[in-house]
Protein chains: 2
Amino acid sequence: MDIFSTLQDEKARLSPSENRIADILLNDFEFAVNASIIELAEKADVSPPTVTRFCRRLGCESFSDFKVQLARTAYVGMRYLKPEPKSTNPGDVAQDIITKAQNALFLLHRSLDLAAIELAAERLSRADMIYAFGSGGNSSMIANELQNRLFRFGLHVTASSDHGMQLMMAAAAKSTDVLIGSSFSGRNGELVRAFTLARESRVTTIALTQSNSPVAQVAEIVVPIDLQEGSNIFRPTSTRIAYLAVVDILASLVAYAIQPKAAVALRRIKQQLVAHRDGDDRQLLGD
Amino acid sequence: MDIFSTLQDEKARLSPSENRIADILLNDFEFAVNASIIELAEKADVSPPTVTRFCRRLGCESFSDFKVQLARTAYVGMRYLKPEPKSTNPGDVAQDIITKAQNALFLLHRSLDLAAIELAAERLSRADMIYAFGSGGNSSMIANELQNRLFRFGLHVTASSDHGMQLMMAAAAKSTDVLIGSSFSGRNGELVRAFTLARESRVTTIALTQSNSPVAQVAEIVVPIDLQEGSNIFRPTSTRIAYLAVVDILASLVAYAIQPKAAVALRRIKQQLVAHRDGDDRQLLGD
DNA sequence: TCCCTTATTAAAATTCTTTTCATGATCGGT
DNA sequence: ACCGATCATGAAAAGAATTTTAATAAGGGA
């Protein structure tokens with residue numbers, strides 16, 4: 001577990017002096033990782049022993065252990081306390097985007113519901129047919145991605161971003177099928193309808209969405225993904241990266257669950273692709 | 001700049017003793033970040049002053065500064081030295097995938113050609129019409145993503161993953177248009193043809209691909225993305241995440257270049273979406 | 001109010017880190 | 001092969017930083 005979550009958890013129970021130390025960590029992090037215990041103590045207006053105790057309280061061996069933990073967490077975890085890009089020049093924008101993406105992954109990792117993912121993977125790997133639904137630029141990409149990943153293992157999958165088709169497919173699905181749907185906002189009413197319909201025939205329904213959202217409420221298995229977008233309206237990507245990572249995890253688990261079948265299918269696809277190009281075997285599966 | 005690249009650069013010039021220290025960092029990193037200078041010196045079979053000198057050589061103030069730098073870089077940067085997932089249980093798979101994704105972003109950030117990106121963004125923002133091409137599950141997703149991002153700014157874009165259409169569109173494009181194509185492998189022969197055709201009419205051509213690949217060779221502007229996939233054939237995702245991040249950067253720079261126009265278009269799209277749902281304004285742009 | 005618990009620190013002890021200086025090795029040029 | 005210069009290294013000393021100890025202060029009930 002990392003320091004910042006511990007800090008969040010403990011902050012209320014901290015004494016006034018310790019709170020001053022915590023504040024420095026949160027506000028002037030750069031200073032904190034570089035300072036000696038004495039400097040830090042001075043800045044917080046406490047004595048060095050208080051700092052040592054503070055570190056121990058947060059689960060560290062010693063002050064230097066604490067600094068290492070801090071630095072380690074911070075590379076990724078800290079940045080979300082400093083929200084916006086410094087300027088619109090390419091270097092800063094790139095840095096900001098990449099940091100946000102790494103953060104999204106970091107937060108995702110922390111909040112993953114592994115049990116749900118495992119269950120979802122298990123159902124997917126046994127499905128007679130898989131329907132992957134999602135609409136709007138983001139979720140439809142996820143639906144396509146699911147198709148793209150799963151068909152390679154020899155599974156039967158189709159993706160749709162068309163509400164009408166989704167409803168018809170949901171109505172036609174059987175109890176041995178799986179419907180997996182993505183909704184970033186959790187408020188895709190049509191998807192809710194499709195899920196509801198599918199559950200009437202006891203089709204397994206899996207939702208990748210925000211927990212406690214309308215979509216989450218109607219799905220049998222919910223893989224919660226709770227990340228809020230940064231306030232910059234131009235940029236919805238980091239959440240998508242998190243979704244992609246979840247799909248990746250799901251697909252990998254499915255692959256492991258059905259190893260032999262998947263390997264055969266993959267080999268065939270690969271041969272097909274290589275024949276179609278110039279025989280370079282090192283290329284990707286697909287482009 | 002981070003310690004690991006410095007280490008890579010310097011390693012050849014290091015003395016034998018210093019090399020032993022470097023080896024410990026690379027092989028037993030966990031030990032290294034937690035050890036005191038004395039422990040580290042002992043393990044490397046050198047004296048503490050040698051360690052101090054080693055740290056200075058790598059550009060750090062002191063040993064403790066060095067440890068902080070190390071820990072900071074390591075959270076993301078270090079992991080790629082330990083390649084494969086430990087097991088196929090969900091926790092390990094998730095950890096492995098997320099680490100790889102973060103690494104892909106980390107390596108991408110290091111190798112970004114900002115000048116090329118800036119130039120590409122500038123051309124995109126002035127284009128009369130943008131054609132986004134890509135085939136195969138991965139690149140076609142990127143093409144769609146480009147469309148999805150750019151149309152929101154009021155630009156004219158179309159994406160295609162169909163070779164025939166691509167050729168026709170490339171033939172029809174004018175010199176005020178921009179053709180942007182993605183190829184993970186760089187060996188998409190049809191895309192090469194489309195690029196070649198487009199350049200005959202002096203259409204601006206932008207490639208997101210591996211440097212020095214066939215696709216890169218025919219494009220006017222190359223945004224190089226050079227990451228090799230891990231050896232696990234089940235998993236091509238982390239490269240895609242890097243491509244997505246590049247698209248994100250490009251799209252953001254385009255947005256900044258054409259601010260007012262983009263903001264208006266976005267507002268309209270947002271109203272449309274909100275009206276269509278249940279009026280919750282906090283949701284994403286699209287699902 | 002008094003006593004107990006907890007928080008805090010000054011000072012001492014300890015441990016870690018760096019500097020200094022001396023030694024040994026290496027290398028290029030005679 | 002020899003010499004001198006440069007570099008690498010470590011022992012010991014000096015200097016910091018950190019932790020422990022033990023004593024004080026500050027709250028919070030009985």
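Lettering follows sequence order; numbering is per chain, from 1.
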From [atom1] of [X] over to [atom2] of [N], roughly how many Å is that when rounded to an integer?
{"X": "A:Phe63", "N": "D:dA16", "atom1": "CZ", "atom2": "P", "value": "18 Å"}
{"X": "A:Phe54", "N": "C:dA7", "atom1": "CZ", "atom2": "P", "value": "14 Å"}
{"X": "A:Asp45", "N": "C:dT9", "atom1": "CG", "atom2": "C1'", "value": "12 Å"}
{"X": "B:Asn34", "N": "C:dC16", "atom1": "CG", "atom2": "C1'", "value": "16 Å"}
{"X": "B:Ile37", "N": "D:dT18", "atom1": "CD1", "atom2": "P", "value": "14 Å"}
{"X": "B:Glu42", "N": "C:dT17", "atom1": "CD", "atom2": "C1'", "value": "15 Å"}
{"X": "A:Glu61", "N": "C:dC16", "atom1": "CD", "atom2": "C1'", "value": "16 Å"}
{"X": "A:Asp65", "N": "D:dT19", "atom1": "CG", "atom2": "C1'", "value": "14 Å"}

On DNA chain C, nearest-nucleotide positions of A:Thr50 versus B:Arg53: which is more 5'? A:Thr50

Would you classify B:Ser64 as touching base, sugar-phosphate or nothing, given that sugar-phosphate means primed atoms plus P, OP1 and OP2, and contacts are heavy atoms under 4.0 Å? nothing

Within the structure shown, what part of the strands sits under 4.0 Å from A:Val51 by heavy-atom distance: base, sugar-phosphate, or nothing? nothing

Identify which nucleotide among [options] has an atom closest to any side-chain atom of [X], counting heavy atoms from C-beta outward.
{"X": "B:Arg56", "options": "C:dT9, C:dT18, D:dT9", "answer": "C:dT18"}
{"X": "A:Ser36", "options": "D:dT19, D:dT9, D:dA17", "answer": "D:dA17"}
{"X": "B:Ile38", "options": "D:dA17, C:dT8, C:dT17", "answer": "C:dT17"}
{"X": "B:Pro49", "options": "C:dT19, D:dT9, D:dT20", "answer": "C:dT19"}
{"X": "A:Ser47", "options": "D:dT20, D:dT9, C:dT9", "answer": "C:dT9"}

Would you say A:Ser17 reaches C:dA7's phosphate, i.e. side-chain N/O to OP1/OP2 under 4.0 Å? no

Is there a side-chain polar atom (N or O) of B:Thr52 under 4.0 Å from OP1 or OP2 of C:dT18? yes

Given side chains that start at C-beta, do those of A:Arg149 and A:Leu250 come closer than 4.5 Å, heavy atoms only? no

So that I can tick it off, tell me whether B:Lys43 and B:Asp28 are bridged by a salt bridge, with the cut-off set at under 4.0 angstrom between side-chain N and carboxylate O. yes

Side chain A:Lys67, main chain A:Ile37, donor-acceptor under 3.5 Å: no

Distance-only, no hydrogens or angles: does the A:Asp226 side chain make a donor-acceptor pair with backbone N or O of A:Ser211 under 3.5 Å? yes

Check the orientation of A:Phe66 and A:Phe54. Use parallel for under 30°, tilted for 30 to 60°, and perpendicular for over 60°. perpendicular

